[in-house]
Amino acid sequence: MKKSVFIFFTFLFFIACDNIPHSPLIGKWQLKTVEKNGEKTLVDTVWYNFQSESVFMLQVYRPQQDRVVAFFGLRTQDEDVISIKLESEAPVGYSDWEGATRSFTIDKVNNKKLMLRSEEGYRYSFIKF
């Protein structure tokens with residue numbers, strides 16, 4: 001009897017977990033291209049990590065130092081607009097972030113691809129890492 005009750009509650013737990021809405025944005029995304037004014041730049045050293053509904057991490061690989069530098073922050077989302085505030089400003093040269101706060105419009109997001117547009121007119125294309 002105890003075994004049956006345990007199996008029943010375990011089954012209910014998995015069903016309940018399956019009903020939790022998961023945003024396709026959650027996960028690690030590798031930046032592949034940045035485009036502005038028709039000019040496309042290939043990138044493979046930057047990752048955006050949407051670790052939960054509010055936690056964000058920017059990672060940048062620095063080949064000169066052979067290391068990855070991480071910047072942490074929080075994000076909010078209103079419809080298709082994401083606002084991110086890093087704990088500290090990303091130093092110039094680490095990415096195209098100038099300051100600690102950025103906003104993006106989500107143009108596309110699914111389980112494999114993410115496309116963001118910045119207020120400055122840049123278009124970012126990511127793949128799920």
Side-chain angles (χ1 to χ4, degrees):
M1 176 70 176
K2 288 183 181 182
K3 186 175 182 179
S4 297
V5 171
F6 175 76
I7 291 172
F8 174 74
F9 281 111
T10 302
F11 178 72
L12 284 179
F13 173 77
F14 284 113
I15 289 175
C17 289
D18 203 31
N19 290 329
I20 297 172
H22 295 286
S23 167
L25 188 61
I26 303 295
K28 185 172 191 164
W29 297 91
Q30 183 178 22
L31 181 60
K32 298 307 282 181
T33 62
V34 178
E35 185 177 346
K36 185 169 185 181
N37 300 329
E39 283 191 43
K40 191 180 279 191
T41 304
L42 298 177
V43 181
D44 66 354
T45 58
V46 176
W47 296 266
Y48 283 20
N49 299 271
F50 299 96
Q51 298 174 328
S52 71
E53 294 299 324
S54 62
V55 178
F56 175 81
M57 178 174 57
L58 167 67
Q59 291 178 291
V60 182
Y61 174 67
R62 302 295 294 162
Q64 305 87 342
Q65 301 154 342
D66 192 30
R67 70 184 190 121
V68 175
V69 180
F71 303 92
F72 298 90
L74 297 174
R75 79 170 170 102
T76 56
Q77 186 170 343
D78 184 25
E79 298 292 322
D80 61 345
V81 176
I82 300 169
S83 297
I84 299 169
K85 180 163 178 39
L86 298 177
E87 289 178 344
S88 62
E89 291 188 14
V92 175
Y94 278 86
S95 70
D96 66 344
W97 283 60
E98 294 180 11
T101 304
R102 297 280 309 266
S103 290
F104 301 96
T105 300
I106 301 171
D107 285 337
K108 178 179 182 177
V109 63
N110 60 35
N111 292 330
K112 296 180 181 184
K113 191 169 194 172
L114 170 64
M115 297 181 78
L116 300 177
R117 185 173 15 99
S118 73
E119 296 173 326
E120 300 84 13
Y122 290 93
R123 296 178 63 85
Y124 302 87
S125 178
F126 298 82
I127 60 168
K128 193 80 166 223
F129 190 74

Engineer: Tell me, do R75 and I84 make a side-chain contact under 4.5 Å, heavy atoms counted?
Structural biologist: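 R75 reaches I84 side chain to side chain.
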Engineer: Would you indicate whether the side-chain heavy atoms of I82 and L25 approach each other to under 4.5 Å?
Structural biologist: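 Contact flag for L25/I82 side chains = yes.
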Engineer: Between L86 and V69, is there shared hydrophobic-cluster membership here, with clusters defined by ILVMFWY side-chain heavy atoms closer than 4.5 Å?
Structural biologist: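 Both belong to a single hydrophobic cluster.
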Engineer: Do the side chains of Y122 and V60 join up, straight or via other hydrophobic residues, at under 4.5 Å, putting them in one cluster?
Structural biologist: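 Per the 4.5 Å side-chain linkage, Y122 and V60 are co-clustered.
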Engineer: Could you walk me through whether L116 and I106 pass the side-chain contact (heavy atoms from CB on, under 4.5 Å) check?
Structural biologist: CA-CA 5 Å; L116 300 177; I106 301 171; 3.8 Å; yes
Engineer: Test: side chain to side chain donor-acceptor pair (under 3.5 Å). Region: residues 103-121. Which pairs qualify, not counting sequence neighbours?
Structural biologist: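 Counting only pairs at least two positions apart or across chains, the side chain to side chain donor-acceptor pair (under 3.5 Å) contacts touching residues 103-121 are S83-S103, R102-E120, D107-R117, D107-R123, S118-E120.
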Engineer: Are any side-chain N or O atoms of Q77 and backbone N or O atoms of E79, one a donor and one an acceptor, separated by less than 3.5 Å?
Structural biologist: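 Answer holds: yes.
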Engineer: What about V34 and V109, same hydrophobic cluster or not, with Ile/Leu/Val/Met/Phe/Trp/Tyr joined at side-chain heavy-atom distances under 4.5 Å?
Structural biologist: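 Same cluster: V34 reaches V109 through Ile, Leu, Val, Met, Phe, Trp or Tyr contacts under 4.5 Å.
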Engineer: Going by the rule side chain to side chain donor-acceptor pair (under 3.5 Å), which residues pair with Y61 if we only count those two or more places apart in sequence or in a different chain?
Structural biologist: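 With sequence neighbours excluded, Y61 shows a side chain to side chain donor-acceptor pair (under 3.5 Å) to D66, given in chain and number order.
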Engineer: Name every donor-acceptor pair, under 3.5 Å, that has one atom in a side chain of residues 40-50 and the other anywhere in the protein, sequence neighbours excluded.
Structural biologist:
unit_1 : atom_1 : unit_2 : atom_2 : d
Y48    : OH     : W97    : NE1    : 3.0
N49    : ND2    : M57    : O      : 3.1
N49    : ND2    : Q59    : OE1    : 2.9

Engineer: Identify the two heavy atoms, one from G27 and one from W29, that lie closest to each other, and give their separation to 0.1 Å.
Structural biologist: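 Reported closest heavy-atom pair: O-CD1, 3.6 Å.
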Engineer: When rounded to the nearest 0.5 angstrom, what distance separates CD in Q51 from CG in L74?
Structural biologist: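 Q51 CD to L74 CG: 10.5 Å, rounded to 0.5 Å.
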Engineer: Drop me the distance from S125's OG to L114's CG, to the nearest 0.5 angstrom.
Structural biologist: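 So the gap between those two atoms works out to 8.0 Å.
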Engineer: Working to the nearest 0.5 angstrom, can you tell me the gap between K128 NZ and I26 CD1?
Structural biologist: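 The NZ atom of K128 sits 8.0 Å away from the CD1 atom of I26.
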